[in-house]
Amino acid sequence: MSEYKFKAADILLPNGDFGKWSVVACDQFTSEADYWRSVEKEVGDAESTLHITLPEFYLDDNDTEKRISDINSNMNKYLDNGVFTEYKDSMIYVERTQSDGTVRHGIVGAIELSDYDYRKGSKALIRATEQTVVERIPPRVKIRKDASLELPHVLLLCDDPNKTVIEPLKLKKNSLKVAYDFDLMQGGGHITGWFLNPEDIERVGASVAALYENDEDKMMFAVGDGNHSLATAKECSLLNDNELSKSALVEVVNIHDDSIQFEPIYRVLFNVDPKAVIEKFVADLGDATHHYIGADAHKFTCVFGKNEVEISVKPTSKLPVGTLQTWLDDYIKANNVKIDYIHGEEVVRSICENENNLGFIFDGMQKDELFPAVRQDGSLPRKTFSMGHAADKRYYIEARKIK
């Protein structure tokens, strides 16, 4: 089999209950305790990715070191106790039925981490779409550096308007062997995966290569989700001197897939004086102390308690989220304020029923702006967009040995 940049991997799948095994990506529902308590109750002591990943909801707890130790121990137990079957040299074609009934199509395979660079302005084959917060990498390195397994929630985007890579598999899936087929917990929809035949793997690799070889900028993939996890894998590949750690398992999706819709990621500040923050924002980026009324104004809905305040400010970035985040970075640094990045207007409003929490709601980016923006600007402000709702994020299913 020819060696391409997007390639087959030795994929591990569980032998037990996929429904309890598979939980949503660790960086979702970070301020929603009820969600993770419900997951814990549903999973119990069953074999599950809940026990071998660390949801970010728990990062502020005092037992993080013990959790990491337990994760490593559970990974080794799962490997030793026959929890997995390993499928050598595999790719998996995936159809994910999302919460709105649309179907997202993807392929699970491997990339070489040497082809990825998260630094702004990089010309690597695989590039971050958003600013990488380097301070967020070390805590994740602590989790991964001694782990024996990786479980991917990274989604890479290809720019394939002619639908040459993934879409042909839709027509022949009935001739492929099913890898899994089950309902995802907590309203995550349904997912089915099929193992690709060797000739399909060859065609996929060649089709991906044709995309970037014909691209003047030589950009193969843009990271659609999970950039900090991929950056962590990159750093760990430099720490761990073994071949397994130099690759990463990912799912590739086509940005032109009809199911791919970009959702804004909103901002919430905690334990602040909302009116004072709003006044400061407008004073800094308005016309003196008044709202900016230019045609290029960036507009925000500010939510706190039972209040919704509409404001307009001068743009300092191409996108409203860039204007807001640049200002928030300075404000948070000066005032030591806690921020969270929230999916969904309803969730923002729920969190901001507390009158001391302040949410910012704004218009998001269109998906056809992404590849041109990354090529031109290097990367977008962090947490610029989300591909769908939190419940539609990738769930952990496949695993791969990295030691």
Side-chain angles (χ1 to χ4, degrees), residues 1-9 90-98 102-112 115-117 122-130 152-173 176 191-227 230 248-263 365-376 379-380 384-388 392-394:
M1 186 179 299
S2 299
E3 181 71 9
Y4 290 106
K5 292 293 187 179
F6 183 52
K7 58 186 183 179
S90 294
M91 280 186 177
I92 298 176
Y93 167 61
V94 175
E95 290 187 356
R96 167 77 178 279
T97 303
Q98 301 182 137
T102 60
V103 178
R104 187 176 74 221
H105 310 85
I107 301 175
V108 178
I111 53 122
E112 293 290 341
D115 291 326
Y116 161 72
D117 191 340
S122 165
K123 295 299 182 181
L125 286 173
I126 305 169
R127 304 175 198 174
T129 52
E130 299 179 342
H153 74 260
V154 176
L155 288 175
L156 297 184
L157 297 169
C158 64
D159 187 11
D160 184 19
N162 295 324
K163 301 185 175 181
T164 62
V165 176
I166 301 169
E167 287 75 9
L169 295 170
K170 293 161 53 176
L171 302 176
K172 63 174 303 182
K173 64 185 180 184
L176 302 176
I191 192 164
T192 308
W194 294 264
F195 291 110
L196 271 62
N197 295 324
E199 60 270 23
D200 296 315
I201 294 173
E202 180 82 4
R203 185 200 59 77
V204 165
S207 298
V208 169
L211 290 180
Y212 70 84
E213 287 171 353
N214 295 326
D215 175 20
E216 183 178 347
D217 195 44
K218 294 293 184 284
M219 184 175 174
M220 180 168 67
F221 298 132
V223 183
D225 240 342
N227 181 64
L230 197 57
L249 204 59
V250 300
E251 181 178 345
V252 170
V253 296
N254 185 4
I255 196 170
H256 300 282
D257 190 301
D258 292 340
S259 71
I260 299 295
Q261 298 297 325
F262 283 1
E263 302 271 348
M365 179 184 68
Q366 299 302 307
K367 66 179 184 179
D368 59 3
E369 298 177 280
L370 178 63
F371 271 74
V374 172
R375 288 187 173 102
Q376 176 181 322
S379 64
L380 304 171
T384 293
F385 69 94
S386 168
M387 294 196 304
D392 295 326
K393 293 298 179 179
R394 196 174 203 286

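Nothing here was measured: the structure is a model prediction, and the numbers come from that model.
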Whether [X] side chain and [Y] backbone form a donor-acceptor pair below 3.5 Å:
X	Y	value
Asp160	Val165	yes
Lys173	Trp194	no
Asp257	His105	yes
Lys218	Glu213	yes
Arg104	Gln98	no

Just verifying a value: how many Å separate [X] [atom1] and [Y] [atom2], rounded to the nearest 0.5 Å?
X	Y	atom1	atom2	value
Phe195	Ile201	CZ	CD1	10.0 Å
Lys163	Asp258	NZ	CG	4.5 Å
Glu202	Leu196	CD	CG	12.0 Å
Glu369	Phe371	CD	CZ	14.0 Å
Arg96	Arg394	CZ	CZ	8.5 Å
Met220	Ile126	CE	CD1	4.0 Å

What closest approach, in Å, do [X] and [Y] show between heavy atoms, and which atom pair accounts for it?
X	Y	value
Val252	Cys158	CG1-SG, 4.1 Å
Ile260	Lys367	O-NZ, 2.9 Å
Gly193	Ile92	CA-CG2, 3.8 Å
Leu230	Ala248	CD1-CB, 4.0 Å
Asp117	Ser122	CB-OG, 3.2 Å
Thr102	Ser259	OG1-CB, 3.9 Å

Item to check | Pair Asp200 + Lys172: basic N to acidic O under 4.0 Å | outcome: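 The answer is yes: the pair qualifies as a salt bridge.
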Checklist entry - Can Asp225 and Lys393 be counted as an ion pair, charged N to O under 4.0 angstrom? => result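 Result for this pair is yes, salt bridge flagged.
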Item to check | Residue pair Asp159, Leu370: steps toward the side chain to side chain contact (heavy atoms under 4.5 Å, CB included) verdict | outcome: CA-CA 10 Å; Asp159 187 11; Leu370 178 63; over 6 Å; no
Checklist entry - Any side-chain heavy atom of Lys5 within less than 4.5 Å of one from Leu125? => result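 In short, these two side chains touch, coming nearer than 4.5 Å.
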Checklist entry - Within a strict 4.5 Å, meaning less than it, do heavy atoms of the Phe221 and Val208 side chains meet? => result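 Yes, side chains in contact.
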Checklist entry - Taking atom types as modelled, is there a side-chain donor on Glu167 or Asn254 under 3.5 Å from an acceptor on the other? => result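 Yes, a side-chain donor-acceptor pair sits under 3.5 Å.
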Checklist entry - If you measure only the distance, is there a donor-acceptor pair under 3.5 Å linking the side chains of Asp368 and His256? => result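 Short answer, no.
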Next on the checklist: If you apply the rule side chain to side chain contact (heavy atoms under 4.5 Å, CB included), what do you find for Asp217 with Arg127, and how did you get there?
Outcome noted: CA-CA 12 Å; Asp217 195 44; Arg127 304 175 198 174; 2.6 Å; yes
